[in-house]
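Lettering of chains follows the sequences in order, A, B, ..., and the numbering in each one begins at 1.
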Amino acid sequence: MPLQRTAIKDILSPDGPPAQTAGGDVLVQGWVKTRRSSRSVSFVQVNDGSTLRDLQVVVDESSPAYAVANALTTGCSVTVAGQVVESQGKGQQYEIQAQEIRLLGGADPETYPLQKKRHTPEFLREIAHLRPRTNTFGAMARVRSAAAFAIHSFFQQRGFQYIQTPIITASDAEGAGSMFRVTTLNLDNPPRHDGKVDAAEDFFGRPTFLTVSGQLEAEIFAMALSNVYTFGPTFRAENSNTSRHLAEFWMVEPEVAFCELDGLAELAEDFLKHIFGYVLDNCREDMDFFNRWHNPETIATLEGIINSRFERVTYTEAVDLLLKSGESFEYPVNWGIDLQSEHERYLTEKRIGRPVIVTDYPKEIKPFYMRLNDDDQTVRAMDVLAPGIGEIIGGSQREERRDTLLRRIAEAGLDAADYYWYLDLRRYGTVPHAGFGLGFERTVQFITGVSNIRDVIPFPRTPKNAEF
RNA sequence: UCCCCGAUAGCUCAGCGGUAGAGCGGGCGGCUGUUAACCGCUAGGUCGCAGGUUCGAAUCCUGCUCGGGGAGCCA
């Protein structure tokens with residue numbers, strides 16, 4: 001038996017098996033997907049997660065491995081030794097003629113929940129510890145990994161520094177939604193002061209929360225390193241029950257000094273194209289699988305985006321397009337409203353048919369830190385809307401003028417004292433800068449065509465659900 | 001959080017007032033290299049939970065829990 005394990009991906013490579021394995025002895029290890037047996041021969045499909053495809057292991061009656069092979073059931077883990085040979089069958093070019101099979105761990109077929117047939121995503125969520133063994137979830141995990149790598153490579157190639165911002169924070173990124181409280185106080189009997197829970201007694205001596213965004217901290221480092229990005233988990237305690245929201249999700253947030261909104265829009269467009277292109281180039285089989293089983297348009301859509309220019313419209317122009325559309329919207333359109341899902345869908349899907357970057361929103365519907373335009377009505381905000389998913393990126397040029405920022409903080413009803421360090425960045429060496437946030441899971445959703453966000457993250461956190 | 005829909009065998013579902021069904025999966029057997037293999041036999045159920053209506057409830061009503069679709073909030 002060879003000592004060195006060979007990945008199934010290498011044996012089934014489109015270029016054929018590596019020279020050192022072709023016709024020679026190989027060692028393969030993985031999990032049994034299924035077995036088909038007749039009296040004289042047994043076929044065992046083995047998958048090791050290195051690729052979507054299963055390796056067909058052929059065991060003849062005469063092989064010493066035949067008895068072991070015939071006892072294998074779905075879910076077993078095995079070590080297989082044999083020769084790589086050209087297949088006599090039609091489903092695959094190469095297969096293994098097995099000499100020896102060792103059962104590493106059995107899987108009682110009476111209780112093992114994964115079957116050969118297709119399972120619903122809802123059922124698979126209930127067995128999140130076993131669903132990585134399915135085709136869909138394995139493909140998702142590989143695409144997710146590749147997309148994460150593409151995000152890092154995009155920024156690293158452009159000289160951005162990766163900044164790790166805190167997960168526990170005392171500051172509230174205004175407008176980003178409800179936060180999870182972090183505490184070590186005894187909730188059955190918390191210390192009190194003047195009738196209220198005394199946060200001064202808590203671990204950090206003050207109220208603390210799980211972060212909703214690394215933006216404000218990223219701005220600190222952009223004001224020193226120029227180009228930075230964060231990529232980490234963020235948390236929202238909103239009671240959102242939709243196929244596009246998670247309580248814990250990953251967000252990418254670049255922050256760019258000496259950059260205005262137009263430059264940021266360019267960056268966002270290049271960024272999305274880079275991620276999509278990398279995944280299409282490096283996860284072809286997985287993407288073909290998603291295209292076949294989840295969304296027959298997904299590859300064509302991604303290729304279309306890579307090869308097209310994103311449309312750019314101002315909020316005012318977008319409202320105009322909606323008013324002239326002749327569509328009857330559930331939420332009436334007028335200048336000043338926040339764009340609803342139906343409006344965003346109309347713009348990006350029906351009216352334009354590709355991603356749209358909408359800029360310059362009314363200041364009333366955007367957070368205080370977005371840069372005020374000269375009209376005193378709109379801010380330099382930017383949303384990237386994509387067909388089928390809606391808002392995928394939200395960002396803005398930041399307000400770098402200290403007096404204007406102070407005024408906006410007051411208008412928002414916030415206490416400037418809470419933002420002293422944020423204001424200091426404008427007090428000492430302020431520069432124009434801009435940044436955006438990309439929801440990583442929404443990006444993976446968009447790439448794969450998987451309809452529920454709970455199925456593009458290994459362990460989804462949603463209201464009333466933190467199993468696994 | 002709001003609106004609609006759903007929960008029956010391990011899975012996917014049918015049954016919708018009168019003794020619980022199918023396909024797949026499982027078990028056993030068969031089968032000349034199979035590809036969601038195929039053929040035969042077979043076991044398997046507190047019909048989500050708690051109340052109510054009724055001679056009788058999987059079926060009708062109420063509440064709850066969980067899931068799905070849509071909306072809001074947003075990434």
Quickly work out the [X] [atom1] to [N] [atom2] distance and round it to whole Å.
{"X": "A:H119", "N": "B:U12", "atom1": "NE2", "atom2": "C1'", "value": "10 Å"}
{"X": "A:K464", "N": "B:G48", "atom1": "NZ", "atom2": "P", "value": "22 Å"}
{"X": "A:E61", "N": "B:U34", "atom1": "CD", "atom2": "C1'", "value": "15 Å"}
{"X": "A:D383", "N": "B:C74", "atom1": "CG", "atom2": "C1'", "value": "10 Å"}
{"X": "A:L114", "N": "B:U12", "atom1": "CG", "atom2": "P", "value": "12 Å"}
{"X": "A:I457", "N": "B:A75", "atom1": "CD1", "atom2": "C1'", "value": "12 Å"}
{"X": "A:Y331", "N": "B:A71", "atom1": "OH", "atom2": "C1'", "value": "6 Å"}
{"X": "A:F123", "N": "B:U12", "atom1": "CZ", "atom2": "C1'", "value": "11 Å"}

With a cut-off of less than 4.0 Å, is there a side-chain N or O of [X] near OP1 or OP2 of [N]?
{"X": "A:N241", "N": "B:G72", "value": "no"}
{"X": "A:R244", "N": "B:G72", "value": "no"}
{"X": "A:R36", "N": "B:G33", "value": "no"}
{"X": "A:T120", "N": "B:U12", "value": "yes"}
{"X": "A:S243", "N": "B:G70", "value": "yes"}
{"X": "A:S38", "N": "B:C38", "value": "no"}
{"X": "A:Q340", "N": "B:C73", "value": "yes"}
{"X": "A:T242", "N": "B:G69", "value": "no"}

Taking [M] as the reference, what is the distance to [N] when you measure between their [atom1] atoms (whole Å, please)?
{"N": "B:G23", "M": "B:C55", "atom1": "P", "value": "38 Å"}
{"N": "B:A14", "M": "B:C4", "atom1": "C1'", "value": "23 Å"}
{"N": "B:C13", "M": "B:A71", "atom1": "P", "value": "23 Å"}
{"N": "B:U12", "M": "B:G67", "atom1": "P", "value": "15 Å"}
{"N": "B:G56", "M": "B:G18", "atom1": "P", "value": "14 Å"}
{"N": "B:U32", "M": "B:G45", "atom1": "P", "value": "36 Å"}
{"N": "B:C16", "M": "B:C61", "atom1": "P", "value": "15 Å"}
{"N": "B:G69", "M": "B:G10", "atom1": "C1'", "value": "27 Å"}

Between the side-chain atoms of [X] and the base atoms of [N], is any donor-acceptor pair under 3.5 Å?
{"X": "A:E110", "N": "B:G44", "answer": "no"}
{"X": "A:R118", "N": "B:C24", "answer": "no"}
{"X": "A:E238", "N": "B:U1", "answer": "no"}
{"X": "A:D54", "N": "B:U35", "answer": "no"}
{"X": "A:H245", "N": "B:C74", "answer": "yes"}
{"X": "A:Q92", "N": "B:U34", "answer": "yes"}
{"X": "A:S240", "N": "B:C73", "answer": "yes"}
{"X": "A:Q88", "N": "B:G33", "answer": "yes"}

field: First encountered from the 5' end of RNA chain B, between A:N465 and A:P113
entry: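 It is A:P113, whose closest nucleotide lies nearer the 5' terminus.
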query: Mapping A:G91 and A:I453 to their closest nucleotides on RNA chain B, which lands nearer the 5' end?
result: A:G91
Assert yes or no for the condition that the ring centre distance of [X] to [Y] is strictly below 6.0 Å.
{"X": "A:F436", "Y": "A:F271", "value": "yes"}
{"X": "A:H343", "Y": "A:Y331", "value": "no"}
{"X": "A:Y369", "Y": "A:Y419", "value": "no"}
{"X": "A:F231", "Y": "A:F155", "value": "no"}

- request: Might you confirm whether atom CZ of A:F149 has over 12 heavy atoms from other residues, nucleotides or ligands at distances under 6.0 Å?
  value: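 Check fails, neighbour count at 12 or below.
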- request: Kindly determine whether A:L114 and A:H119 satisfy side-chain contact (heavy atoms from CB on, under 4.5 Å), including the steps that lead there.
  value: CA-CA 8 Å; A:L114 289 174; A:H119 288 293; 4.0 Å; yes
- request: Determine, answering yes or no, if A:F249 is stacked on B:A75 under the 5.5 Å centre rule and the 30° plane rule.
  value: yes
query: Quick one: which of A:N465, A:T120, A:D455 gives a side-chain hydrogen bond (donor to acceptor under 3.5 Å, both in side chains) with A:R125?
result: A:D455
message: Is there a side-chain contact (heavy atoms from CB on, under 4.5 Å) between A:T316 and A:D360? Walk through the geometry before answering.
response: CA-CA 8 Å; A:T316 303; A:D360 299 290; over 6 Å; no
